[in-house]
Amino acid sequence: MKDMIMNEIHRDHVRMEDNSNKMTDNYNKASIIGQLIGLIFEGASYVYVRLKAILGMVSIGSVLRYVSALRELSHGLGGLLDVYVSVEIRSRYLNYFYEFMELENKKQEGTLKVNNYD
């Protein structure tokens, strides 16, 4: 009986650890994708601003303002994506945690009486 309970506990532990590893992998993938999107956006922004500068559509000061504003926009969007992914991962963790808390108590109760002395 005790071995069966220990096996169930071990199986639950392994399942929770697997879920944790999957969440970490998903977070890492989403983080890499977010960084790639940010780099692509920033690169496209620089190309756009350079073309406008080459064609004489904006002054040097405007180029600096464009680049600065686009960099801030890129960092802001990256931050939003990071927060979204973080909230999504944490909500999944909480689902697994609540599922763990709902597991049946497998503790054995004995028949030995204990006297309480105050």
Side-chain angles (χ1 to χ4, degrees):
M1 177 75 166
K2 185 176 181 182
D3 289 336
M4 188 171 73
I5 291 173
M6 292 304 290
N7 286 337
E8 286 182 42
I9 291 171
H10 178 70
R11 189 173 43 245
D12 289 339
H13 174 73
V14 168
R15 185 172 53 95
M16 295 299 284
E17 190 171 324
D18 288 342
N19 288 337
S20 176
N21 290 338
K22 286 178 189 176
M23 286 189 303
T24 301
D25 291 342
N26 289 339
Y27 178 78
N28 291 337
K29 288 176 188 175
S31 178
I32 289 170
I33 290 170
Q35 289 175 357
L36 287 174
I37 290 171
L39 287 174
I40 291 169
F41 177 76
E42 198 167 338
S45 302
Y46 282 125
V47 169
Y48 175 73
V49 171
R50 282 182 187 163
L51 285 175
K52 285 187 92 168
I54 289 171
L55 296 174
M57 299 172 78
V58 293
S59 67
I60 298 295
S62 295
V63 168
L64 293 176
R65 277 186 278 166
Y66 269 123
V67 169
S68 177
L70 290 172
R71 181 176 288 158
E72 290 298 318
L73 178 64
S74 175
H75 288 291
L77 291 175
L80 282 175
L81 181 63
D82 191 41
V83 167
Y84 173 76
V85 169
S86 179
V87 167
E88 182 68 26
I89 295 296
R90 287 182 179 150
S91 69
R92 288 182 187 175
Y93 169 78
L94 283 175
N95 287 337
Y96 292 127
F97 177 74
Y98 290 141
E99 181 182 329
F100 175 75
M101 294 302 289
E102 294 296 322
L103 290 175
E104 180 183 340
N105 186 4
K106 304 209 178 7
K107 180 177 86 172
Q108 294 179 349
E109 294 189 20
T111 58
L112 182 62
K113 295 187 183 202
V114 178
N115 293 327
N116 289 336
Y117 297 104
D118 292 327

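When a residue number appears, it is its place in the shown sequence, counting from 1. Side-chain atoms are counted along with the backbone in the values below, which use heavy atoms only and exclude waters and symmetry mates.
- Judged purely by distance below 3.5 Å, without hydrogens or angles, the side chains of Arg50 and Tyr66 never pair a donor atom with an acceptor atom.
- When the side chains of ILVMFWY residues are joined at heavy-atom separations under 4.5 Å, either directly or via intervening members, Ile54 and Tyr48 end up in two distinct hydrophobic clusters.
- The NE2 atom of His75 sits 11.0 Å away from atom CG of Leu77, with the distance rounded to the nearest 0.5 Å.
- Phe97 places none of its side-chain heavy atoms less than 4.5 Å from the side chain of Arg90.
- Residue-environment remark: NZ (Lys52) exceeds the threshold of 12 foreign heavy atoms within 6.0 Å.
- Taken from CG in Asn95 to CD in Glu99, the straight-line distance is 8.5 Å, to the nearest 0.5 Å.
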